[in-house]
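The structure under discussion appears below in the form of structure tokens.
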Amino acid sequence: MKQEPADLIIHSAKILSMDDAQPRAEALALRHNRILAVGSNDDILKLAGASTRLVDARGATVLPGFNEAHMHIFSGSVGLTELSLFGVQGFEAFARTVRDYAASKPDLALLVAQQADYSILGRNEPVTRHHLDRILPDRPFLMYAPDHHTAWANTAALKAAGILGGGDVGVGNEIVMGLDGLASGELKEANAISPVARLSQTGGRESLGVVTGGDPHSVTPEERQTDIAVIRVGLDYCASLGITSVQNMDGNLYQLEMLEEIERQGGLPTRIRVPCHMKNFMPLSELEEKAAPWRDRFNSDRLRSDFVKMFADGVAESGTAYYMEDYADEPGWRGEPLFTQDHFNKIVTEADHLGLQIAVHAIGDGAVHMVLNGYQAASEANGHRDSRHRVEHIETALPTDFRRFAELGVVASMQPTHPPGSAGLPLEPYLSRIGEQRWPHAFAWRTLADLGVKVVFATDWPVSPLDPMYCIQCAMTREIWKEGLPDQRLSLMETLAAYTRTSAWVEFMEDRKGVLKPGYLADVVVLSGDIEAVPFDQLATLRPIMTVCDGRITYEA
Ligand SMILES: [Zn+2]
């Protein structure tokens with residue numbers, strides 16, 4: 001009997017398979033949702049039949065589909081419809097951009113802007129509601145810093161949200177007060193931001209996965225359909241960037257069920273993984289009552305919920321990151337962890353006992369230290385297993401803690417778009433905040449990789465732009481902050497692996513995705529040129545021309 005022909009053959013390509021057994025090839029064939037064969041043009045073209053679609057890559061690079069290992073699909077998708085202040089500097093440009101946007105959206109109850117630099121008005125001019133009132137006196141306006149840990153609201157928005165007079169929003173969160181006894185406009189962390197965010201078109205539902213980990217209290221069928229449509233736009237946007245797998249870093253049942261519905265109605269354009277979020281106010285029983293049953297319910301190769309997400313601290317810029325020693329520019333202040341060590345250890349040990357992977361946001365070296373202590377405690381209590389627990393961001397760590405990542409088998413989840421100086425981010429206030437002593441241990445990709453630690457790369461979208469090629473360019477062009485500091489870049493192949501093979505491994509799916517080899521899932525991206533022939537500072541000019549996820553073409557230029 002003759003073999004069934006391939007559905008799709010991509011030939012005349014420079015395939016970087018990420019498979020050590022056959023790292024380079026010219027062509028590959030796909031059938032159904034699997035890779036049928038990888039090899040030479042001659043061999044692979046023999047698998048064509050009358051119905052096979054042939055794609056001539058014209059010498060361009062073909063990779064396993066990108067696996068974005070840390071992002072926020074719901075808020076990112078909503079952000080696609082809002083104003084971006086990326087690269088906007090100075091009051092005049094800022095005011096003009098916001099006013100133009102406001103004029104174009106006369107009906108929105110809350111105008112929202114993204115990607116506002118902490119120093120949008122200049123280094124020594126912190127944003128207050130008064131600045132925003134000068135731009136938009138009448139309409140509620142909220143704008144987010146790129147990291148989403150700080151936002152600023154004008155007086156109209158603070159009033160409408162009922163927080164102009166301040167309010168208690170819990171440890172690690174703050175409605176910053178001005179000298180006049182009223183809110184200054186600066187809102188630190190999710191609990192402080194959410195009263196304003198709730199006034200938006202999506203009612204702030206996109207941030208619940210981070211803020212409460214719970215579901216919205218009441219959603220009309222129309223609102224739910226709006227949310228699904230928004231997420232669909234975001235998933236298609238992922239596909240257009242060559243992404244075939246998404247590791248979402250916030251979650252609730254609401255999101256999971258919307259994704260399940262998208263999957264039922266025609267299929268998800270990218271694979272997606274969603275965590276159960278564990279907050280410091282949640283009882284330990286949530287793990288058994290939510291995380292474990294979600295793992296059983298959402299366990300396909302396209303939609304999974306199989307890990308726990310937590311926050312150990314906030315961010316450096318707003319002083320909510322937690323360090324072992326004082327902030328360099330703020331003597332007496334180290335930040336506060338969001339959990340006590342003891343509480344954290346209990347949660348981590350229980351999650352680990354249930355066989356769940358854990359991913360914890362930790363920015364300051366104190367938070368990273370606490371997380372490693374927790375993983376060590378879990379390992380001591382439950383015995384060592386192949387847990388692949390992760391630390392997210394790791395902006396700085398104690399020199400003595402890098403080795404512990406390797407010893408404990410902990411994964412480093414890093415974002416090449418985050419080091420100040422990369423991706424258009426200003427150096428200040430960050431460099432002064434952490435201080436020169438910590439610089440050698442900041443964003444230490446190379447240090448960790450050299451110790452044998454598994455490193456995965458991602459963007460933390462919408463914190464940074466989602467485009468993997470831009471992120472890879474940032475990874476390859478990162479500059480040191482000062483002569484003599486270590487070059488923390490990885491090689492191009494290591495960087496690509498951190499976006500494909502290693503990120504599949506961190507999902508426990510290395511037996512079926514992350515490399516291009518026969519039998520593996522058909523997740524492929526075809527680029528517009530040869531990635532090894534392009535100067536590093538122009539990598540982002542390479543665009544995906546075709547994305548295939550699960551054997552289906554999800555994007556074509
Ligand atoms: Zn994140």
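For ligands, and for the atoms within them, numbers begin at 1 and follow the listed sequence.
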task = Could you list the residues that satisfy salt bridge (charged side-chain N to carboxylate O under 4.0 Å, His left out) with E260, not counting sequence neighbours?
result = R297
query = Any ion pair linking R543 and D467 (charged N to carboxylate O, less than 4.0 Å)?
reply = yes
ask   = What orientation do H70 and H72 show, parallel under 30°, tilted 30 to 60°, or perpendicular over 60°?
value = perpendicular
key: Pairs touching residues 345-365 that satisfy ring pair (Phe, Tyr, Trp, His ring centres under 6.0 Å), sequence neighbours left out   =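 The answer is H149-H361, F311-H361, H361-H393.
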ask   = Under 2.8 Å from the Zn ion (ligand 1), how many protein N/O/S atoms can be counted?
value =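 Protein heteroatoms (N, O, S) closer than 2.8 Å to the Zn ion (ligand 1) number 3.
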query = What pairs with T447 under side chain to side chain donor-acceptor pair (under 3.5 Å), at least two apart in sequence or on another chain?
reply = Q488
Close aromatic pair by centroid cut-off 6.0 Å: Y499 and F457 =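 Centroid distance Y499-F457: not below 6.0 Å, so no.
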